[in-house]
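First the structure, which I've put down as structure tokens, then a few questions once you've had a look.
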Amino acid sequence: MRKIRVGSESSYEVTVGRNLAPTLVEDISKDVNQVGLFFAPVMKEVATALKSELSVQHPQITVHLVPVPDGESAKTAEFVQSAWTFLGEHKFTRSDLLISIGGGSTTDVTGFIAASWLRGISVIHMPTTLLAMVDAAVGGKTGINTSAGKNLVGAFYNPKSVWCDLTLLTSLPKEDLQAGFAEVVKCGFISGNQIMVLVENSGAAILDLNSEPLTDAIVRAIEVKATVVEADFKESQVGGLGREILNYGHTLGHAIENLENYKWRHGDAISVGMMFAANLSFKVGICNQDLVIRQQQILQTLGLPVTYAGDFNRLLDLMSIDKKVRGTKLRFIGLSDFGQPTVINSPSQSDLEWAFAQISGEN
Ligand code: GLY
């Protein structure tokens, strides 16, 4: 069992290991009277097992199983309203607890419900996808989507603890594990050599769920995220680049997801986005070509896509409405070296086109 402390505002621990349910339950305070166990549809068995564990270790606690709609359909005002009604009917107080079991949508919406109910009750996250373990469930971003866009309503709200049980990844389709690894290596690219060396030494075998390097890479990715959010919890970037560096590869990646009607996996889209950002960094003269080549080899070793043949003008339009844009200027996170993220402000149209040509196979 490995533990990472996240020290942003209220500090909490992320535990990475296997078969964590008994330890998670042991960690729950004796003062809790009720638990709302919010679970994604595919996690019903895991939620039921956790409920049984809770009744054995804490027979005084009333546990409610609350199914959460699948995927992004969980992140709606309607679902949040129904959850508030439920918590009201059962008189949940500040000494009660919510637990989320599922991917990023489940942890995002349950986190938001916890942040808003009684202005904040405790929440524990048990992420069940790699993407949620290394990104969504760590760092305190919670939220829902509205007709105006994704994640536009939310709160920065830290969980009480996060439990990344690697045995839960066995039910994850291989493509989702692979795509989740894009966020793991992103943490490597923005922080230095450690994760890259793990991938280079292990090759595709790092995706084997029983491999020690897989655990090492996940733990390291969470440590990187913890360091970034500790320095800039609310993405206010005072005195430096701050949390924005976590968006390496995301400006183009989000545009690809949008253009593909969210049929592309997030990790696949940011893999291509990272290749675009690396090429752009080279073109504007802040890094050498070795960086681009090494990054591409790592992504390809993991079976992640490095090219995309969509319409660049449509992607440009979508990028210019990206919420990370300051004023009317396009802004990218680039790399001057691994571990040295840098902002690229207002790159020229020809530099953007050149970088896109490198990843669209047109060069
Ligand atoms: N997913 C980016 C962040 O947590 O800031």
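Numbering of ligands and ligand atoms starts at 1, following listing order.
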Residues that Glu353 engages under salt bridge (Lys or Arg N to Asp or Glu O under 4.0 Å), provided they are two or more places apart: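 Per chain and number, Glu353 pairs via salt bridge (Lys or Arg N to Asp or Glu O under 4.0 Å) with no residue.
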Within the 6.0 Å centroid threshold, strictly below: Tyr308 and Phe276: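 Judged by ring-centre distance (under 6.0 Å), Tyr308 and Phe276 do not meet the cut-off.
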Heavy atoms of other groups near Glu45 CD, more than 12 under 6.0 Å: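 Open.
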Within the protein, residues bringing a heavy atom under 4.0 Å of ligand 1, chain by chain: Asp135, Lys141, Lys225, Arg243, Leu246
All salt bridge (Lys or Arg N to Asp or Glu O under 4.0 Å) counterparts of Arg5, not counting sequence neighbours: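 For Arg5, the residues satisfying salt bridge (Lys or Arg N to Asp or Glu O under 4.0 Å) (neighbours in sequence not counted) are Glu13.
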Atom NZ of Lys3: over 12 foreign heavy atoms under 6.0 Å: yes
Salt bridge (Lys or Arg N to Asp or Glu O under 4.0 Å) involving Asp96 - partner list, sequence neighbours excluded: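 Counting only residues at least two positions away or on another chain, Asp96 forms no salt bridge (Lys or Arg N to Asp or Glu O under 4.0 Å).
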